[in-house]
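Below is one structure, written out as C-alpha cells, with a few remarks after it.
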Amino acid sequence: MSDLVRVLVVEDDAALSEILCDALQGHGYVVSPAALVRSALDQVRASEFDVAMVDLMLPDGSGIEVLREIAAQELATECIVLTGYAEVATAIEAMKLGAYDYLTKPARLEEIEVLVEKAAEKARLRRENVALRVRLERHDRPAGIVTDDPGMREILATIGRVASSELPVLVEGETGTGKELVARALHAQSPRAGAPFIAINCAAVQESLVESELFGHEKGAFTGAIARRPGVFELADRGVLFLDEVGEVSPAVQAKLLRVLESREFFRVGGTRTTQVDIRVVSATNKDMRREVAEGRFREDLYYRLGGVTIRLPPLRERRHDVGLLASVMLSRLTPRRTLSPGALDKLRAYAWPGNVRELQMVLHRAAVLSPRELLSPEDIPLDPPRPPKAEAVRAGMTLAEVERQYIESVLAEHGGHRGKAAKALGVDPKTLYNKLGAAKDKSGA
Ligand SMILES: Nc1ncnc2c1ncn2[C@@H]1O[C@H](COP(=O)(O)OP(=O)(O)OP(=O)(O)O)[C@@H](O)[C@H]1O
Ligand SMILES: [Mg+2]
C-alpha cells in the first residue's frame, strides 16, 4: 500500500482552485484539479482518490453527482464538500451521501488543511480495513486459519492435499504458531471428519499416568483404578488422535507408541487381551525433532512413523504480513466495532511475538477490555519489553510468595502463556499452577 495521499480538487473558481492545489501540494499530497462535473467523474472512474474536495455549484451541474458516483462505486474516498451559505440544504444532502464534512466558503486555508489531513487519515484506515477484509474473505474459509503469507498458503495447500490420505502428519512450530489449529483443519478436511478428534497433551500428563491415558486401564490395574477406563487410542477409534507435545514423551513411552503405531493394537494397562483400533495420528511439537533425533532424545524410527508428512509452521515474526491481518480479524471477532489505528498496527508489526499468535490474541483481548476507545492507538496496546534475565527479577526484600509469583509469571511468559507447559516446566500439575495464579490475582486485587 503506497503512502501517497491522492486528493481530487473539484472547483471551478480558477483562483481558489490554484490556492487549494498549491497548499495541498505543499503538504506532500498528490493533487488533481477538475473544474467540471464531467472531468471530475472521468477522474473518479479512472483512479482512486483518498480525499475529494468538491464544490457543489459547478458550471455543468452539481458536485452532488460526483459524491453519488463515489458512493455508488463504494470507493474508500472521503469527500469534503465546499459550499456557499445559500446551499446548506444541498450540503446536508451531501452528508447523507456519506461526505466526511463540509465547509462554507470563504473557508480559512488552515481549516481546509486540517480537514483534508483528517479525511486522509480516515481514508487510509478505511483502505487498510477494506484490504484486510478482502483478504480475509479469500482465506478465512478453509479451516479458520487466517493468513496471507505465501509460505502459510503453501501449508494450507499441503493440508488440503494430505488430508484425504491416511498419512500420519507431524506439525512442528514454536509455541502459539497454530499447530493445533492445523491438526484440527486436517481432521476437518479428512474423510474422518465425522469421527472424533481426540487430543492428548503428552507434556501435561504426569509421567506415571501417560500409559493409562494413552491406552486405558482395566479395573484394579493400579491403586485408584476403580473402573475400566478407555485411553485416547480407543476414544479416537475411526477418527484422528492428536499427540500434542509428542517431543516430550519418555523413551519408555516412545517404545510403546511405536509398537501401537506399527501393529494398530495395544494392551490396556493391567489388560491381558489386545485392543485393535483404526486411527490416524497427527502429532505436534515445538522442538526441532531432527535435532532431538540426532542428539538421541527421540527414537528415529518413531520420528519417521509420526512424520509421514512434516509441516513446519513459521513463527509470527517471520510473517509480518500476517500480523496486521490476524490482529484485525481477531479484534473484530472480540469486539466488532473496534479498529486499530495505523500507528497501533505499526507497533504490532514491529514487535517480536515470542508467544506468536496466542500472544497476539492475548494482547488484543487485553486492549479490547481495557481501552474505552473505538479506535485503538499505540498507547492502548502495551507490549512487554524484552524480558530481563530471570535472576534480575528477584530483588532484596521480596517475600517468598512474591518471588514465587514472579517466577511463575516469567515461566508462563516463556511458554507464551501456555499453562500446561508452564506447569510441566515448573514440575507442578496444571491445577496447582491455576490455583497459585488465582491466589496471586486475588491478592493484587486485579
Ligand atoms: N493462522 C491463524 N489464524 C487464526 N487463529 C490462529 C492462527 N494461528 C493460531 N491461531 C490461534 O492462536 C491460538 C494458538 O494456536 P494453537 O493452539 O493452534 O497453537 P499451538 O502451536 O498449538 O501452540 P502451543 O505450542 O503453545 O500448544 C489459538 O487460539 C488459535 O486459534
Ligand atoms: Mg498446542
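Count residues from 1 along the sequence. Keep in mind the model is a prediction, meaning the values are calculated, not measured. Every number for a ligand or one of its atoms is a count from 1 in the order of the listing.
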- For Glu374, all residues meeting side-chain contact (heavy atoms from CB on, under 4.5 Å), sequence neighbours excluded: Arg337
- side-chain hydrogen bond (donor to acceptor under 3.5 Å, both in side chains): which pairs involve residues 223-244, sequence neighbours left out? Glu234-Arg268
Anything under 3.5 Å between an N or O on ligand 1 and a protein N or O? List each pair with its distance, or write none.
unit_1, atom_1, unit_2, atom_2, d
ligand 1, 1 (N), Val146, O, 3.0
ligand 1, 3 (N), Val146, N, 2.9
ligand 1, 17 (O), Arg358, NH2, 3.3
ligand 1, 18 (O), Lys179, N, 3.4
ligand 1, 18 (O), Glu180, N, 3.1
ligand 1, 18 (O), Leu181, N, 3.1
ligand 1, 19 (O), Gly178, N, 3.1
ligand 1, 21 (O), Thr177, N, 3.3
ligand 1, 21 (O), Gly178, N, 3.1
ligand 1, 21 (O), Lys179, N, 2.8
ligand 1, 21 (O), Lys179, NZ, 2.8
ligand 1, 22 (O), Glu180, N, 3.2
ligand 1, 23 (O), Gly176, N, 2.9
ligand 1, 23 (O), Arg358, NH2, 3.3
ligand 1, 25 (O), Lys179, NZ, 2.5
ligand 1, 25 (O), Lys421, NZ, 2.9
ligand 1, 26 (O), Thr175, OG1, 2.6
ligand 1, 26 (O), Gly176, N, 3.3
ligand 1, 26 (O), Arg358, NH1, 2.8
ligand 1, 26 (O), Arg358, NH2, 3.3
ligand 1, 26 (O), Lys421, NZ, 3.2
ligand 1, 29 (O), Gln361, OE1, 3.0
ligand 1, 29 (O), Gln361, NE2, 3.3

- Query: Would you call the rings of Trp353 and Tyr351 parallel, tilted or perpendicular, where under 30° means parallel and over 60° means perpendicular?
  - Reply: perpendicular
- Is there a donor-acceptor contact under 3.5 Å from the side chain of Asp380 to the main chain of Ser377? yes
- Go through the structure and list residues passing side-chain hydrogen bond (donor to acceptor under 3.5 Å, both in side chains) with Glu48, not counting sequence neighbours. none
- The single option from Arg319, Arg153, Arg320 that satisfies salt bridge (Lys or Arg N to Asp or Glu O under 4.0 Å) with Asp148 is Arg153
